[in-house]
Protein chains: 4
Amino acid sequence: MSLRERKAAKKKEDILRSASLVISRNGYHNATMEDIAAELLMTKGALYYYFKNKEELLYSCHDLILSAAMEQVEAIFSEDLSSMEKMKKAVKTHLDIAIREKEVFNLIVKPEQLFSEENIEEIIQKRDQYAGIFDRIIAEGVKRGEFNVSDKKMARMIILGATNWVQVWYSQEGKFSKEKIEDIYAEYFLKMLA
Amino acid sequence: MSLRERKAAKKKEDILRSASLVISRNGYHNATMEDIAAELLMTKGALYYYFKNKEELLYSCHDLILSAAMEQVEAIFSEDLSSMEKMKKAVKTHLDIAIREKEVFNLIVKPEQLFSEENIEEIIQKRDQYAGIFDRIIAEGVKRGEFNVSDKKMARMIILGATNWVQVWYSQEGKFSKEKIEDIYAEYFLKMLA
Amino acid sequence: MSLRERKAAKKKEDILRSASLVISRNGYHNATMEDIAAELLMTKGALYYYFKNKEELLYSCHDLILSAAMEQVEAIFSEDLSSMEKMKKAVKTHLDIAIREKEVFNLIVKPEQLFSEENIEEIIQKRDQYAGIFDRIIAEGVKRGEFNVSDKKMARMIILGATNWVQVWYSQEGKFSKEKIEDIYAEYFLKMLA
Amino acid sequence: MSLRERKAAKKKEDILRSASLVISRNGYHNATMEDIAAELLMTKGALYYYFKNKEELLYSCHDLILSAAMEQVEAIFSEDLSSMEKMKKAVKTHLDIAIREKEVFNLIVKPEQLFSEENIEEIIQKRDQYAGIFDRIIAEGVKRGEFNVSDKKMARMIILGATNWVQVWYSQEGKFSKEKIEDIYAEYFLKMLA
DNA sequence: GATGAATGAGAGTTCATTCAT
DNA sequence: TATGAATGAACTCTCATTCAT
């Protein structure tokens with residue numbers, strides 16, 4: 001990658017970060033291109049130099065975070081740990097991202113309403129892929145005799161649902177630290193899976 | 001209440017129902033005043049006779065559903081049942097509404113972004129009040145020795161979070177019936193609380 | 001048609017007239033919705049109450065004129081006249097409209113570049129239909145022995161091409177009156193067809 | 001002319017050719033600087049090294065073609081031929097260019113709308129000069145007794161109008177070959193002038 | 001000479017809201 | 001009470017043009 005390309009890539013990342021920020025502040029639907037640009041002291045026109053349109057900018061934003069999350073959780077699955085340990089770490093990772101990326105994470109929620117057909121399929125697929133890692137952890141745990149669940153998929157949905165929800169109510173001012181929350185959530189889930 | 005007032009109240013309810021429908025169909029941000037009015041064969045101008053503005057219409061919409069939910073869950077709490085039974089019924093009720101009212105239910109999720117200061121406080125308060133009933137069920141269960149949890153509030157958050165999340169992925173075509181989902185969810189939660 | 005409807009229809013016509021005017025003044029591509037609205041002391045937003053979008057407004061504009069032209073020329077064809085008389089009158093009518101509606105008439109020229117697939121077919125069809133009347137006049141003249149042409153279609157193309165071109169150079173200030181132009185054109189064409 | 005200047009002149013020609021191509025493909029108003037540059041694997045910024053702005057580029061484009069046409073038709077006029085032969089050849093040449101340069105040729109149509117005062121005068125003048133050659137052919141033919149027309153200018157306008165119009169409907173797929181069209185047009189015109 | 005990047009003005013479009021009738 | 005009509009602000013997107021490097 002040439003210097004130019006690296007610079008451009010960096011700029012794209014900056015824009016994505018700015019977009020994430022604005023989305024977090026104003027919510028997805030009130031995040032205008034103007035806002036996103038202003039955050040970087042650019043004009044909105046410049047954004048179109050890097051992204052075809054708003055949808056693609058937002059799509060990239062979403063993709064960036066989901067890809068990172070996937071990488072991390074996949075790595076955890078590959079570690080040499082008990083299934084309970086894996087789940088504990090995976091939940092913590094997921095919570096960590098869900099809290100940190102609050103709003104952007106939310107784009108995953110209703111992609112059908114935000115994205116057009118071009119992108120929607122890839123999004124759904126990636127989302128399923130991500131959820132699939134949790135399924136594999138659970139399945140492995142059941143096989144190893146660590147977990148005992150009546151329905152694996154439903155268990156995963158409860159886990160991801162509850163953790164996704166965290167970003168709805170979580171705020172720095174809350175009485176619980178992020179670490180504390182992560183511990184308690186993991187504990188409850190393991191109890192549920194046991 | 002005079003006849004005129006009763007007529008107006010009825011019309012308001014009609015509008016709210018229409019709004020719920022449109023929101024469920026198009027998603028919150030794509031529900032225009034025009035759409036809502038069209039559903040009732042009115043013109044959008046008429047809506048302003050009954051509601052000050054869009055926010056208030058949406059607020060009422062949200063309030064209607066939350067109030068109904070509260071009433072039902074409160075009733076369950078007052079019944080003469082074991083805490084486990086109460087929780088099971090409450091979860092089922094909550095799931096039932098979350099699935100049926102999909103989108104409108106979502107207004108609860110990010111009220112800060114949708115409503116202005118005037119309404120926001122009341123919404124948060126009502127939401128907390130609703131969550132409080134679940135807190136009371138858990139507290140009662142702990143006192144009675146039915147439940148055994150390390151942190152009550154967190155347990156409630158997991159339960160409501162997971163159930164709220166249902167509407168994100170649930171769709172009639174899914175392989176699980178609503179009843180089946182309700183049973184499994186209740187089972188997992190009770191295991192978690194035990 | 002109710003009073004309301006008639007009022008709306010009248011307004012639509014006003015807009016069309018205004019659009020024609022602005023197009024004539026600024027040229028097709030520089031005629032903005034703002035300009036068209038300003039001409040009527042409206043705001044551009046109001047135009048969207050009457051027309052779905054700019055294309056449809058322009059399409060209606062074009063359709064109005066072409067339809068009127070068609071009606072007139074069709075009537076001439078039905079008259080009890082010699083083919084030469086018919087052609088003379090048809091050419092005059094065509095020239096009359098081409099001169100009066102200068103710019104709007106030009107929309108017919110390159111519809112492929114201005115209109116989307118939805119409208120394009122209908123436009124082409126109508127245009128062909130209009131040209132068809134001239135074809136019929138020529139064919140009739142040939143059958144009656146009044147005209148003597150090697151290729152009917154090509155003759156029509158020359159006639160319509162030359163008359164369409166009039167609006168390119170014609171301007172009130174020119175040394176020829178409209179009537180004079182019409183006479184000379186007709187004379188030349190008849191000589192060509194003889 | 002220095003080497004440098006010659007190089008620049010060559011590049012200018014390349015750009016003009018590219019511009020013609022893009023205009024022909026997309027139509028005048030949809031030909032962006034970006035498109036024109038891309039055709040030459042340049043960036044649009046570079047175009048501004050050779051041309052002051054878009055208008056001047058387009059002006060040059062137009063000028064190039066008109067100049068070439070003028071040269072050819074002027075040469076025909078100077079040949080030792082009957083007026084009828086001259087007109088036949090001139091018409092064929094004109095048709096040839098009109099068909100080949102379709103869109104660019106169209107710039108001539110409404111120069112008032114495309115060019116600013118700076119260029120407009122020169123364009124009109126050149127256009128009149130070009131038309132003048134046809135006038136001279138006709139005048140010569142009249143003097144020689146080959147042609148018999150009531151109004152020379154009008155005759156020329158019909159001829160150029162009809163031929164200009166060709167590019168509106170002509171397309172390779174048509175049932176007539178370019179040669180056939182040229183023959184028929186010439187035949188009709190000569191009949192008209194006779 | 002040429003590029004990548006940015007600007008800024010303006011276009012079309014949408015929609016909550018208002019108001020005379 | 002309700003409607004038709006209009007407003008105005010906001011938004012996405014485009015493109016000719018500029019300029020440091």
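The model shown is predicted, which means the values in this text are computed figures rather than measured ones. Chain A is the first sequence line, chain B the second, and so forth, proteins listed ahead of strands; every chain is numbered from 1. Excluded from the calculations below are hydrogen atoms, water molecules and symmetry mates; all remaining heavy atoms, backbone and side chain alike, are included.
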With no hydrogens and no angle check, just 3.5 Å: does a side-chain donor-acceptor pair link [X] and [Y]?
X: K7(B); Y: S2(B); value: no
X: E55(B); Y: S116(B); value: yes
X: S67(D); Y: K126(D); value: yes
X: S60(C); Y: D63(C); value: no

Flag the pair [X] / [Y] as yes when at least one side-chain heavy-atom distance between them is below 4.5 Å, and no otherwise.
X: L21(C); Y: R25(C); answer: yes
X: Y28(B); Y: L58(B); answer: yes
X: E56(B); Y: N53(B); answer: yes
X: F51(B); Y: L16(B); answer: yes

Treat primed atoms plus P, OP1 and OP2 as sugar-phosphate and everything else as base, then score nucleotides 13-21 of chain E 5' to 3': B for base contact with protein heavy atoms under 4.0 Å, S for sugar-phosphate contact only, - for none.
-> BBSBBB---
Figure out the [atom1]/[atom2] separation between [X] and [N], and round it to whole Å.
X: E5(B); N: dT1(F); atom1: CD; atom2: P; result: 10 Å
X: I36(A); N: dC11(F); atom1: CD1; atom2: C1'; result: 12 Å
X: L47(A); N: dG8(E); atom1: CG; atom2: C1'; result: 14 Å
X: N26(D); N: dT14(F); atom1: CG; atom2: P; result: 15 Å
X: I15(A); N: dA5(E); atom1: CD1; atom2: P; result: 10 Å
X: L3(A); N: dT3(E); atom1: CG; atom2: P; result: 17 Å
X: L40(C); N: dT7(F); atom1: CG; atom2: P; result: 11 Å
X: M42(A); N: dA5(E); atom1: CE; atom2: P; result: 10 Å

Measure from the side-chain heavy atoms of A8(A) and tell me the nearest of dA6(F), dA5(E), dT7(E).
-> dA5(E)
Would you mind classifying the nucleic acid contact of F51(A) as base, sugar-phosphate or nothing, using non-hydrogen atoms under 4.0 angstrom?
->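 F51(A): no heavy atom of the nucleic acid under 4.0 Å.
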Stem regions touching DNA chain E, defined by at least 3 consecutive Watson-Crick or wobble G-U pairs below 3.5 angstrom |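 DNA chain E stems, ordered by first number: E:2-21 with F:2-21.
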Once the angle between the rings of F115(A) and Y59(A) is folded into 0 to 90°, is it parallel (under 30°), tilted (30 to 60°) or perpendicular (over 60°)?
->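 If you compare the ring of F115(A) with that of Y59(A), the planes turn out perpendicular.
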Toward the 5' end of DNA chain F, by each residue's nearest nucleotide, Y49(C) or K7(B) | K7(B)
